[in-house]
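From a predicted model like this one, the values you see are computed outputs, not experimental measurements.
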Amino acid sequence: MTIFLVLLILCFWASLKGINRAQMWWLSFFLAVILGFRGKDVGDDTARYISYFNSVDVKDGTGYMEIGWSWFSDFIKSIGFSAYFFNFLVACITLSCFVYVISKTISNNKFWGSALFVLYSCGFYLYMFNGMRQFLAISIVFLAFHLAINNKNIWAAVLILFASLFHTSAICGLFIFLVKHIKLTNTTIISALVASLLIGYLLIEKVVYYFAGGYARLVSEYGFRKSVAYVIIVCGLTNVFYVWLYNLHSSKRNDGWMKVFFASVVLMNLLCNVTMGPRLVFFYSTAQIIVLSYYMITFQKNQIVRSVIYIYSFITFFRFLLPELYRTEEGLLPYYMTFSIFE
């Protein structure tokens with residue numbers, strides 16, 4: 001657990017002090033090393049991905065994962081690199097997509113550290129240990145959202161389709177072309193949040209199975225929470241936090257990233273009782289990286305606003321990390337590294 005707390009402090013320091021472009025890339029590279037060269041027992045799927053890397057052969061048709069992932073795995077293996085180095089490459093690509101968008105979207109480089117802090121503390125980085133294939137797709141979709149918000153729609157669509165070659169769930173990113181045209185008002189937001197939360201809590205399982213498609217087996221395996229506490233504490237607080245942010249400042253109320261964040265909260269409400277729900281929500285909730293950084297810039301002299309954002313981020317971080325203390329296998333803890341580059 002120590003390594004994750006040290007990284008939290010490092011990212012928090014970067015947020016408070018600010019970092020330049022070189023420091024941002026070096027910090028993301030360091031995060032990629034920690035993520036990529038993790039031991040095979042660190043994370044839910046690491047051992048499975050290593051086994052898949054060692055056995056996949058696209059020519060023989062042995063790969064059962066998406067063609068993009070299978071081809072990439074097979075190619076890296078064919079030139080003599082190890083599964084751990086492959087994981088490191090995936091980590092580098094994933095974090096590079098996020099860092100690139102941060103550098104292009106946030107004009108004040110003093111707050112690039114804040115964006116990295118949100119990336120780390122709000123659970124996105126931790127989830128990469130458990131779902132690196134999907135988070136590679138999420139990072140590419142994040143880049144596509146940047147293009148879509150800037151009206152480069154064709155390239156955005158191409159990137160989303162490309163991301164689906166690594167994880168089919170990336171197709172949900174196409175909804176950005178509807179989301180970015182939403183007109184946000186307090187009435188629209190509150191009505192949508194309340195309705196989606198009620199629908200999500202009362203959602204009929206057959207409807208979820210229908211939309212789950214190829215993930216129906218996983219949905220069936222992991223099931224539904226039906227937890228009032230989870231809905232009230234996690235969803236309720238996130239809903240209140242979003243409404244609070246929206247009403248803080250008028251200039252960002254209909255910003256594209258604010259709309260993407262709104263879509264993520266609605267989606268979280270709809271899937272609140274589906275254990276596998278966060279796998280889809282993450283595609284849109286990564287907008288927090290930009291949105292929270294916006295507010296830190298706008299309210300850089302308002303300690304109350306900045307403190308609330310930091311508290312929200314810390315609570316989210318420990319909500320992801322603390323359950324790992326009670327897991328007996330395939331968790332993030334204990335963390336260890338396997339520094340292997342070649343087979």
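- Phe177 is connected to Trp155 through a chain of hydrophobic side-chain contacts under 4.5 Å among Ile, Leu, Val, Met, Phe, Trp and Tyr, so both are in one cluster.
- With hydrogens and angles disregarded, a donor-acceptor distance shorter than 3.5 Å links the side chain of Tyr242 to the backbone of Met258.
- The aromatic rings of Tyr125 and Phe129 stand perpendicular to each other, their planes meeting at an angle above 60°, with 30° marking the opposite boundary.
- By the side-chain contact (heavy atoms from CB on, under 4.5 Å) test, Ile171 pairs with Leu161, Ser164, Leu174, sequence neighbours left out.
- Partners of Asp44 according to the side-chain hydrogen bond (donor to acceptor under 3.5 Å, both in side chains) rule, which considers only residues two or more places apart in sequence or in another chain, are Arg327.
- Aromatic ring centres of Phe29 and Trp26 lie closer together than 6.0 Å.
- Under a hydrophobic clustering in which Ile, Leu, Val, Met, Phe, Trp and Tyr are joined whenever their side-chain heavy atoms come within less than 4.5 Å, directly or via other members, Val240 and Leu184 fall into different clusters.
- Crowding of Leu322 atom CG: a count of heavy atoms from other residues, nucleotides or ligands under 6.0 Å exceeding 12.
- Scanning both residues, Ile189 and Val243, for their nearest heavy atoms gives CG2-CG2, 4.1 Å.
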So Leu292 and Phe241, side-chain contact (heavy atoms from CB on, under 4.5 Å) or not? Walk me through it.
CA-CA 11 Å; Leu292 298 188; Phe241 181 68; 3.8 Å; yes
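- Nearest heavy-atom pair, Val234 versus Met268, reported as atom, atom and distance to 0.1 Å: O-CE, 4.4 Å.
- Annotation: Phe86 is not in aromatic contact with Tyr49 [ring centroid separation under 6.0 Å not met].
- Here Ile315 is tied into one hydrophobic group with Ile311, each link being a pair of ILVMFWY side chains closer than 4.5 Å.
- Of all non-hydrogen atoms in Trp257 and Tyr294, the two that sit nearest each other are CD1-OH, 3.8 Å.
- Without hydrogens or angle criteria, Gln134 side chain to Arg279 main chain gives a donor-acceptor distance under 3.5 Å.
- Taking the six-membered ring wherever Trp is involved, the centroid distance between the rings of Phe282 and Tyr127 falls below 6.0 Å.
- With hydrogens and angles disregarded, a donor-acceptor distance shorter than 3.5 Å links the side chain of Ser70 to the backbone of Met65.
- Val99 is listed as a side-chain neighbour of Met24, based on a closest heavy-atom distance under 4.5 Å.
- Thr105 places no side-chain N or O within donor-acceptor distance of the main-chain N or O of Ile102, the cut-off being under 3.5 Å.
- Contact record, Leu159 with Ile140: O-CG2, 3.5 Å, taken as the closest heavy-atom pair.
- Between Thr46 and Arg38 there is a side-chain heavy-atom pair separated by less than 4.5 Å.
- Ala91 is linked by a side-chain contact (heavy atoms from CB on, under 4.5 Å) to Ala32, Leu35, counting only residues two or more places apart in sequence or in another chain.
- Here the closest non-hydrogen pair linking Ser169 and Leu280 is CB-CD2, 3.9 Å.
- Side-chain N/O atoms of Asn269 and Asn239 include a donor and acceptor closer than 3.5 Å.
- Within the 4.5 Å cutoff, the side chain of Val291 has no heavy atoms near those of the Val118 side chain.
- The aromatic rings of Phe124 and Phe135 sit tilted, their planes meeting at an angle between 30° and 60°.
- In this view, Arg21 satisfies the salt bridge (Lys or Arg N to Asp or Glu O under 4.0 Å) rule with no residue, not counting sequence neighbours.
- Checked against a 6.0 Å centroid threshold, the rings of Phe317 and Phe4 do not count as neighbours.
- By the rule that hydrophobic residues join a cluster once side-chain heavy atoms approach within less than 4.5 Å of another member, Val265 and Leu178 end up as members of one cluster.
- Tracing side-chain contacts under 4.5 Å through hydrophobic residues (I, L, V, M, F, W, Y), one never reaches Ile154 starting from Phe142; they form parts of separate clusters.
- Nearest heavy-atom pair across Ser121 and Leu8 is CB-CD1, 4.1 Å.
- For Asn87, there are no side-chain hydrogen bond (donor to acceptor under 3.5 Å, both in side chains) partners two or more places apart in sequence or in a different chain.
- More than 12 heavy atoms of other shown residues, nucleotides or ligands fall within 6.0 angstrom of atom OH in Tyr335.
- Partners of Tyr312 by side-chain hydrogen bond (donor to acceptor under 3.5 Å, both in side chains), not counting sequence neighbours, listed by chain and number: Gln288.
- Two residues are said to be in side-chain contact when any heavy atoms from C-beta on lie closer than 4.5 Å; His146 and Lys104 meet this criterion.
- Every residue two or more places apart in sequence or in another chain that forms a side-chain contact (heavy atoms from CB on, under 4.5 Å) with Leu10 is listed here: Leu27, Phe30.
- A 4.5 Å side-chain heavy-atom check between Trp69 and Val90 finds at least one atom pair inside the cut-off.
- Applying the side-chain hydrogen bond (donor to acceptor under 3.5 Å, both in side chains) test to pairs two or more places apart or on separate chains, those with a residue in residues 174-188 are Asn151-Lys180, Asn153-Lys180, Thr185-Thr188, Asn186-Asn247.
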Show me the side-chain donor-acceptor pairs of residues 336-343 shorter than 3.5 Å, one per line, residues at least two apart or across chains.
from: Tyr336; atom 1: OH; to: Asp41; atom 2: N; distance (Å): 3.3
from: Tyr336; atom 1: OH; to: Asp41; atom 2: OD2; distance (Å): 2.9

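- Contact annotation: the side chain of Ser96 never approaches that of Ile93 to less than 4.5 Å [non-hydrogen atoms, C-beta and beyond].
- Side-chain N or O atoms of Ser51 include none that pairs as donor or acceptor with a backbone N or O of Arg48 at under 3.5 Å.
- Surrounding CZ of Phe81 are more than 12 heavy atoms belonging to other residues, nucleotides or ligands, all under 6.0 Å away.
- Listed by first and then second residue, the side-chain hydrogen bond (donor to acceptor under 3.5 Å, both in side chains) pairs involving residues 8-19 are Ser15-Ser114, Ser15-Tyr310 (not counting sequence neighbours).
- Using a 4.5 Å heavy-atom cutoff, the side chains of Phe111 and Ile19 are not in contact.
- Note: the hydrophobic cluster containing Val260 also contains Ile297 (ILVMFWY, side chain heavy atoms under 4.5 Å, direct or indirect links).
- Scanning for side-chain contact (heavy atoms from CB on, under 4.5 Å) contacts around Phe299 gives Leu248, His249, Tyr295, Asn302, Val305, with sequence neighbours left out.
- Residues Phe320 and Leu332 form no side-chain contact, since every pair of their non-hydrogen atoms from C-beta on lies 4.5 Å or further apart.
- The distance between the ring centers of Phe262 and Tyr284 does not fall below 6.0 angstrom.
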